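This report refers to the structure that appears directly beneath it.
Proteins come first, then strands; the chains are lettered A, B, ... in the order of their sequence lines, and each starts at number 1. Bear in mind the structure is a predicted one, so any value in this text is a computation, not a measurement.
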Amino acid sequence: MDYLESLNSAQKEAAVNTEGPSMVIAGAGSGKTRVLTYRIAYLIQKGVDPFRILALTFTNKAAREMKERISNIIGSSEARNIWMGTFHSIFARILRMEAEKIHYPSNFSIYDTQDSRNLLKSIVKEMGLDDKLYKPAFVQNRISAAKNNLISPKAYREHAEIMSDDEVGGRPKLVEIYYEYNKRLFKAGAMDFDDLLYKTNVLLRDFPEVLHKYQHKFRYLLVDEYQDTNFSQYLIVKKLAALNENLCVVGDDAQSIYGFRGANIQNILNFKKDYPDYNLYKLEQNYRSSKNIVGAANSVIEKNRDRIKKDVWTSNDEGEIIRVVRNLSDNEEGLFVANDIFQEKNNAQLDNKSFSILYRTNSQSRSMEEALRKLNIPYRIYGGLSFYQRKEIKDLLAYYRLTANPNDEESLKRVINYPARGIGKTTLEKITIKANELDRSMWEMMTTYRDQLDVNSGTKTKLANFVTMMKSFSAQLQSEEAAALAEHIAKSTGLLRELYADKTPEGLSRFENIQELLNGIKEFTESNRPEFDGRKPTLSDFLLDVALLTDADQNDDDDNKVSLMTIHASKGLEFPYVYIVGLEENLFPSQLSLNERSELEEERRLFYVALTRAEKKVTLTYAMSRYRYGSLNYCEPSRFIEEIDTKYVDLPEVEERRPASSFDDTPWGGLGSGGGNSYSRGSNFKRKSASRKETSGGAVPRNLKRVSQVPTTSRKTIVSGSVVVGTKVSHAKFGMGKVVNLEGESPNEKATVFFPSVGQKQLLLKFAKLEIVE
DNA sequence: TTAGTTCGGGTTTTT
DNA sequence: CCCGAACTAA
């Protein structure tokens with residue numbers, strides 16, 4: 001077991017003390033995954049049966065990679081037998097096996113966020129409630145929070161505080177929606193994401209023999225990213241670990257970024273209470289990042305009040321100082337980043353995969369993508385609209401789900417008239433109403449109780465045809481292999497034909513996506529995973545797998561690409577060069593976090609996570625204006641920038657009297673022209689932020705201030721209307737040029753100007769202080 | 001019933 | 001800006 005020698009003493013202690021409860025508090029980049037990997041490898045080499053190890057990870061990809069590493073260490077494929085995966089996928093598997101105990105079909109459907117939102121929408125409508133008040137997203141969050149805290153509809157009604165919250169908010173009927181929502185899920189044989197954990201708790205609570213079975217089965221429990229577990233998950237772990245208490249949780253309170261999803265840092269603090277004689281291991285040496293990055297990250301996280309004291313340090317090089325780059329607009333921010341990556345790549349002969357661009361919201365990826373495409377830099381976006389959320393994929397999957405579980409209402413509604421079969425809204429409405437009346441599922445109304453439907457005979461025939469088709473699929477569920485049945489369904493429903501007929505580029509790509517899905521199913525059918533015990537996987541096995549896939553789980557054949565993702569998605573990853581973009585007030589930190597200290601602190605932890613992804617170099621960027629809701633907004637730099645201890649960071653110079661000089665920071669300004677970007681440790685920057693604290697109100701007055709500033713400084717410069725195509729102008733940096741085009745409306749007029757020295761540039765008139773030459 | 005259009009409203013992060 | 005709901009015409 002010489003592999004253990006590569007660990008430092010704290011890591012090694014954490015890896016080899018396998019008995020009893022232990023908690024590993026692991027600073028960013030401190031080799032947490034290594035400890036977890038080695039600990040499991042060590043267990044197996046000591047003779048523990050892999051089937052008796054349960055390891056809960058944050059993504060399925062993390063699980064897959066860890067299994068691979070363990071296999072390499074122990075030199076056998078035994079590792080594949082470990083129960084390793086996300087909470088959701090592991091317990092979905094267990095629920096499948098135990099489903100009938102809680103009166104669910106073993107083929108229960110898993111509703112994703114969209115499905116459950118649609119269901120809520122129809123419930124609100126059916127109950128005749130105002131959907132402005134009972135917004136589906138709001139209702140969904142409220143119910144999700146309840147479920148994550150194991151509050152049943154009944155407990156919800158009896159909870160005075162919750163009920164009065166709803167009352168005050170003008171939503172007294174929320175609890176009724178919750179009741180109905182659960183009822184409908186049950187009737188549809190479906191669970192939402194939260195149910196997978198909730199129902200597991202019910203199962204372990206109401207069936208002692210089941211609890212005992214799994215307590216005995218799982219002799220060793222490991223939980224990664226413990227800081228991101230919610231109460232529901234906490235309780236599952238506590239129950240399963242109660243017998244052997246061989247529980248190891250690993251986490252870092254400073255990286256807790258899923259509070260919005262019910263994650264509770266208290267779980268880390270409670271550990272002490274639940275297991276008083278636990279072992280605590282602190283991993284504080286960072287192996288990932290340079291001294292500058294570690295120092296910067298530490299100086300930021302110190303600003304949080306709620307935290308466990310930790311002293312993360314590194315013996316790595318000093319490294320490069322953190323850059324802050326200001327840009328005029330979101331598009332120019334993208335151009336800057338793309339140009340900068342291009343340059344860094346050439347200077348140091350680096351791979352694309354050394355770079356990562358991190359942002360707060362998915363919508364920010366667009367300007368980055370466009371700029372990268374312009375320079376032909378290959379990139380890959382993680383997250384956003386994932387493959388499995390695309391319409392055509394969801395449509396086909398809905399057929400599969402309906403085949404496995406005909407009561408699945410959301411799937412039924414999705415496909416009953418796609419491709420068009422003449423079963424329209426009216427018919428569907430009639431079925432729903434009657435189904436609610438008789439307390440039956442829609443499917444039952446279309447089969448057993450079809451006579452009771454008040455529809456004309458033509459429609460009845462159409463319904464009967466649909467039912468016959470679906471029944472024929474269901475009949476083949478057990479006999480046919482997943483891949484064969486999947487293809488059969490795609491063809492005989494007419495869905496494939498429909499997409500094939502569409503020759504638009506989008507249609508083409510939709511068709512390709514379907515092919516890709518079918519290929520994926522084929523691959524799945526041929527994989528022979530231990531959980532199938534040698535039997536061939538069916539379509540419903542595939543569905544379980546697919547419902548819980550994360551986008552991060554997607555593999556890419558060619559992985560030498562720049563990575564683009566949200567900071568949330570970057571958790572656990574590392575890159576030599578990291579660009580954190582959009583560092584603006586109201587974006588990062590998010591506008592919605594500004595009212596609560598706890599939420600602002602979560603944003604700060606998010607920033608901490610972003611910084612600590614980097615090994616060598618961090619570049620922070622922000623834009624002075626950004627398109628949001630389709631219109632231009634002015635932005636202030638994020639408070640997080642100035643929270644970094646100034647010795648680790650280079651701030652841009654801000655010349656207050658000449659805002660247009662920010663052109664110095666534009667990509668073309670910096671590109672090639674060496675000293676173009678002049679930064680100093682910005683005292684101006686500081687001064688500005690001080691004034692911000694005085695107006696401690698919201699964003700609005702600040703933005704107004706910024707806008708009104710502009711005209712007062714534009715005496716000699718071009719104002720709207722004073723320039724036409726052909727006008728000769730002069731720019732402080734680019735020299736003489738000629739206007740070749742004008743677009744946009746005042747005050748956002750954009751001029752395309754040709755400069756002999758640098759070529760064509762797009763300039764916003766109100767920023768670029770152009771002087772008219774003739 | 002369908003397809004095509006307009007209109008209004010909403011946008012954090014994710015299993 | 002992008003989506004879905006509502007409306008309109010065939």
Given atom CZ of A/Arg360 and atom P of B/dT11, what is their separation to the nearest angstrom? 15 Å
Between B/dT14, B/dT15, B/dT2, which nucleotide gets closest to the side-chain atoms of A/Thr566? B/dT14
Is the positively charged end of A/Arg366 above the ring of A/Tyr627, judged by distance under 6.0 angstrom from the centroid and angle within 45° of the axis? no
Is there a donor-acceptor contact under 3.5 Å linking the side chains of A/Arg142 and A/Tyr178? no
Is there a side-chain contact between A/Thr427 and the phosphate of B/dT1, meaning an N or O under 4.0 Å from OP1 or OP2? yes
Just verifying a value: how many Å separate A/Glu225 CD and A/Phe87 CZ, rounded to the nearest 0.5 Å? 11.0 Å
Between C1' on B/dG10 and CG on A/Leu592, what's the gap in Å once rounded to a whole number? 11 Å
A/Lys199 to A/Tyr104, cation-pi by 6.0 Å centre distance and 45° axis angle: no
Can you tell me the distance, in whole Å, between the CE atom of A/Met565 and the C1' atom of B/dT13? 14 Å
What is the separation between atom CD on A/Glu429 and atom C1' on B/dT1, rounded to the nearest whole Å? 14 Å
Whole-Å distance, A/Leu196 CG to B/dT14 C1', equals 14 Å
Where does the angle between the aromatic ring planes of A/Phe466 and A/Tyr399 fall among parallel (under 30°), tilted (30 to 60°) and perpendicular (over 60°)? tilted
Below 4.0 Å: OP1/OP2 of B/dT12 and any side-chain N or O of A/Asn362: no
What integer distance in Å separates A/Glu599:CD from B/dT12:C1'? 11 Å
Is it possible for you to check whether A/Lys391 lies under 6.0 Å from the centre of the six-membered ring of A/Tyr418, through NZ or CZ, and within 45° of that ring's axis? yes
Distance check needed: B/dG10 C1' versus A/Lys135 NZ, whole Å only. 8 Å
5' precedence on DNA chain B between A/Phe87 and A/Arg117 (nearest-nucleotide basis): A/Arg117
What is the distance from atom CG of A/Leu95 to atom OG1 of A/Thr200, rounded to the nearest 0.5 Å? 4.0 Å
The answer to which of A/Glu602 and A/Gly424 contacts DNA chain B further toward the 5' end, by nearest nucleotide, is A/Gly424
Which nucleotide wins on minimum distance to the side chain of A/Ala420, given the candidates B/dT14, B/dT2, B/dT12? B/dT2
Taking 4.0 Å as the cut-off, does a side-chain nitrogen or oxygen of A/Asn60 come that near to OP1 or OP2 on B/dT15? no
Using a cut-off of less than 4.0 Å, is there contact between a side-chain N or O of A/Thr426 and OP1 or OP2 of B/dT1? yes
Under a 4.0 Å heavy-atom cutoff, the residues of residues 253-267 of chain A touching DNA chain B are A/Tyr258, A/Phe260, A/Arg261
What is the distance, rounded to the nearest whole Å, between atom OH of A/Tyr388 and atom P of B/dT14? 18 Å
Using a heavy-atom cut-off of 4.0 Å across all strands, would you classify A/Asp194 as base, sugar-phosphate, or nothing? nothing
Using only heavy-atom distances, determine whether the side chains of A/Tyr111 and A/Asp195 contain a donor-acceptor pair under 3.5 Å. no
Base versus backbone protein contacts along nucleotides 1-10 of chain C [heavy-atom cut-off under 4.0 Å; B, S, -]: BS--S-----
Nearest 0.5 Å, what's the CZ-CG distance between A/Arg639 and A/Leu594? 5.5 Å
Using side-chain contact (heavy atoms from CB on, under 4.5 Å) as the criterion, list what pairs up with A/Ser363, not counting sequence neighbours. A/Thr361
